[in-house]
2 protein chains.
Amino acid sequence: MASPEPVAPPRRSRGAPALPATSVVFPGDERTAAALISAAVEVMAVHGYHGTSVRDIAAAAGVSPAVLYHHFASKQGLLATVLDRGMDVLVRATEEALYAAPDDPAARLEAIVGVHVRVHLESQRESLLGNSELRALEAGALALVVARRDTQQRMFDRVVRDGCARGVFTTPHPDDASRMITSACTAVAAWYRPGGPLTGDEIVARYQRVALDTVGYAPVGEPASGSSAQRFGGAGGER
Amino acid sequence: MASPEPVAPPRRSRGAPALPATSVVFPGDERTAAALISAAVEVMAVHGYHGTSVRDIAAAAGVSPAVLYHHFASKQGLLATVLDRGMDVLVRATEEALYAAPDDPAARLEAIVGVHVRVHLESQRESLLGNSELRALEAGALALVVARRDTQQRMFDRVVRDGCARGVFTTPHPDDASRMITSACTAVAAWYRPGGPLTGDEIVARYQRVALDTVGYAPVGEPASGSSAQRFGGAGGER
DNA sequence: CCGGGGGTTGAACGATCGTTCGGCACAGGG
DNA sequence: CCCTGTGCCGAACGATCGTTCAACCCCCGG
């Protein structure tokens with residue numbers, strides 16, 4: 001690999017290693033640490049943790065392999081940082097969406113489904129990593145990430161159960177429907193390709209809509225004849 | 001790792017390496033090849049392809065590392081065999097279920113959801129491998145497996161679209177609902193633990209039920225008041 | 001001007017990786 | 001009886017792995 005660059009000498013002007021900007025890079029991070037995190041997400045999402053070497057990550061970040069150990073305890077520590085931050089971003093975004101949503105089961109479900117799908121669309125590589133490389137985490141870091149994942153699932157469970165208790169959702173299996181929704185939304189990161197026929201907004205809207213069907217959404221006050229389809233889709237040409 | 005065995009000398013009585021019996025082990029397989037396949041599924045499902053060494057697989061199969069190369073071209077070839085067979089089992093089972101099902105969208109959807117969930121429950125490790133280690137496959141073998149996966153998805157798409165065309169399913173987004181269903185059913189392999197509170201049959205039944213809600217199942221002939229819930233659940237105490 | 005220190009480097013460590021190879025054990029046909 | 005072939009083994013190959021280390025560069029306070 002590492003082919004010679006045809007133009008522009010590899011001279012690095014010091015302290016500007018590579019392109020940052022990922023959802024797991026936080027504003028307070030040092031430049032090189034941010035570049036390493038970003039590079040790790042990029043490369044590990046493709047080849048996996050064990051399929052990616054420290055040299056691969058360092059090369060993608062534009063630094064020497066040894067630099068990694070000045071910013072992280074180990075390759076494992078870098079993975080732990082990425083996964084922990086990724087789950088943190090997801091949970092926080094979901095919490096905020098839930099907090100801002102009105103006291104209505106359908107609106108709440110739409111809110112958290114929207115956030116969940118959007119995060120998995122926009123932070124696709126981080127999500128992919130978080131879903132496939134948990135097994136590469138050592139016990140301590142794994143417990144932290146799993147705890148956050150449970151928190152995320154619990155938020156969905158609560159919304160669906162509440163909707164059922166109020167009679168707005170009619171599914172006889174709230175917890176299973178809830179898990180099926182999160183599973184389906186999480187899987188978006190596995191198939192979505194940025195150049196596809198649907199925009200992110202369209203995908204989000206569709207998943208929100210189908211998720212409401214999944215929980216058996218039946219608006220209160222109206223017994224609703226036929227199906228619940230009429231209550232939806234005021235605007236927009238569906239296809 | 002290779003700790004000395006305290007009792008029972010490692011003497012092998014030739015030609016009886018280890019315990020076989022996995023869904024990707026076929027009847028015509030030689031004993032040692034079967035043991036290697038079975039061991040590969042077991043170990044790789046836990047640590048991933050790159051996280052598993054040839055020595056790990058050989059040890060789990062009770063043979064020497066060199067034996068692997070008498071039955072497979074390489075470690076990569078062994079993975080290709082496992083994944084290819086796994087997808088083949090899934091697609092064939094779904095095809096047969098579809099063939100045996102009556103000409104009714106709801107019954108067909110129940111049939112293929114049932115098979116899909118059951119395969120992912122009973123062949124959990126193979127499924128886990130197939131969902132997370134496609135990236136470790138080289139181009140040729142990958143194309144084969146991806147083609148089979150597309151076939152599987154197409155069967156779901158066709159059933160859902162047909163149900164919509166007949167007015168039995170009311171979802172405005174058949175393809176998205178279809179993909180959400182397969183995603184959710186596939187994810188079963190990621191969370192199911194054999195000792196859990198629900199039996200496999202119960203999980204299958206619940207997923208069938210929720211899947212029908214997901215596509216907006218509204219039985220024909222009856223405009224159905226309230227929700228579709230009444231049409232279901234004749235027997236069995238739901239919870 | 002000088003001195004110090006954090007960030008970076010190339011080189012090297014032992015360990016383990018996938019793979020190969022020569023030879024051994026043993027069943028079956030002459 | 002021997003001879004052949006098949007399946008298995010231990011040992012070893014070079015490559016690459018994660019990690020360490022001493023030296024270096026360059027910015028910054030004095």
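Any value given below was found using the heavy atoms of this structure, including those in side chains, with hydrogens, waters and symmetry copies removed. Just so we're on the same page: letters track the sequence lines, and every chain starts at 1. Given the structure is predicted, the values throughout are model-derived calculations rather than measurements.
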Contacts of type side chain to side chain donor-acceptor pair (under 3.5 Å), residue B:Arg135, not counting sequence neighbours:
A:Ser132, A:Glu133
Hits for side chain to side chain donor-acceptor pair (under 3.5 Å) against A:Arg85, two or more places apart or cross-chain, chain-then-number order -> A:Asp29
From CD (B:Gln152) to CG (B:Leu90), nearest 0.5 Å:
4.0 Å
SB check A:Arg158 A:Asp162 (cutoff 4.0 Å)
no
Summary of side-chain hydrogen bond (donor to acceptor under 3.5 Å, both in side chains) pairs that have at least one residue in residues 60-73 of chain B, sequence neighbours excluded
none
Please identify each residue that fulfils side chain to side chain donor-acceptor pair (under 3.5 Å) with A:Ser74, with sequence neighbours left out.
none
Note: A:Asp84-A:Arg148 ion pair, threshold 4.0 Å (strictly below):
yes
From NE2 of B:His50 across to C1' of C:dC17 the rounded distance in Å is 12 Å
Whole-Å distance separating the CE atom of B:Met44 from the C1' atom of C:dC17
13 Å
When you check the side-chain N and O atoms of B:Glu122 and B:Ser23, is any donor under 3.5 Å from an acceptor?
no
Under 3.5 Å, which donor-acceptor pairs do the side chains of residues 180-188 of chain A form with other protein atoms, sequence neighbours left out?
unit_1: A:Thr182; atom_1: OG1; unit_2: A:Gln153; atom_2: OE1; d: 2.8
unit_1: A:Thr182; atom_1: OG1; unit_2: A:Ser178; atom_2: O; d: 3.4
unit_1: A:Thr182; atom_1: OG1; unit_2: A:Arg179; atom_2: O; d: 2.9
unit_1: A:Ser183; atom_1: OG; unit_2: A:Arg179; atom_2: O; d: 2.8
unit_1: A:Thr186; atom_1: OG1; unit_2: A:His116; atom_2: NE2; d: 2.9
unit_1: A:Thr186; atom_1: OG1; unit_2: A:Thr182; atom_2: O; d: 2.8

Residue-phosphate contact under 4.0 Å: B:Thr32 side-chain N/O, D:dC8 OP1/OP2:
yes
Taking any heavy-atom pair under 4.0 Å as a contact, classify A:Glu30: base, sugar-phosphate, or nothing.
sugar-phosphate
Taking only residues two or more places apart in sequence or in another chain, which ones pass side chain to side chain donor-acceptor pair (under 3.5 Å) with A:Asp88?
A:Arg92
From D:dC9, D:dG18, C:dT8, pick the nucleotide closest to the side chain of B:Val67?
D:dC9
Any ion pair linking B:Asp213 and B:Arg209 (charged N to carboxylate O, less than 4.0 Å)?
yes
Within residues 134-144 of chain A, which residues have any heavy atom lying less than 4.0 Å from an atom of DNA chain C?
none
Listed in order of residue number, which residues of residues 78-86 of chain A have a non-hydrogen atom at under 4.0 Å from DNA chain C?
none
Within residues 32-42 of chain B or reaching into it, pairs that qualify as salt bridge (Lys or Arg N to Asp or Glu O under 4.0 Å) - sequence neighbours excluded:
B:Glu42-B:Arg125
Could you run down the sub-3.5 Å N/O contacts of the protein with nucleotides 10-16 of chain C?
unit_1: C:dA12; atom_1: N6; unit_2: A:Arg55; atom_2: NH2; d: 3.2

Please set out all donor-acceptor pairs under 3.5 angstrom arising from side-chain atoms of residues 54-62 of chain B, sequence neighbours excluded.
unit_1: B:Asp56; atom_1: OD1; unit_2: B:Ser53; atom_2: OG; d: 3.4
unit_1: B:Asp56; atom_1: OD2; unit_2: B:Ser53; atom_2: N; d: 3.1
unit_1: B:Asp56; atom_1: OD2; unit_2: B:Ser53; atom_2: OG; d: 3.2

So if I take residues 68-75 of chain A and measure heavy-atom distances to DNA chain C, which residues fall below 4.0 Å?
A:His70, A:His71
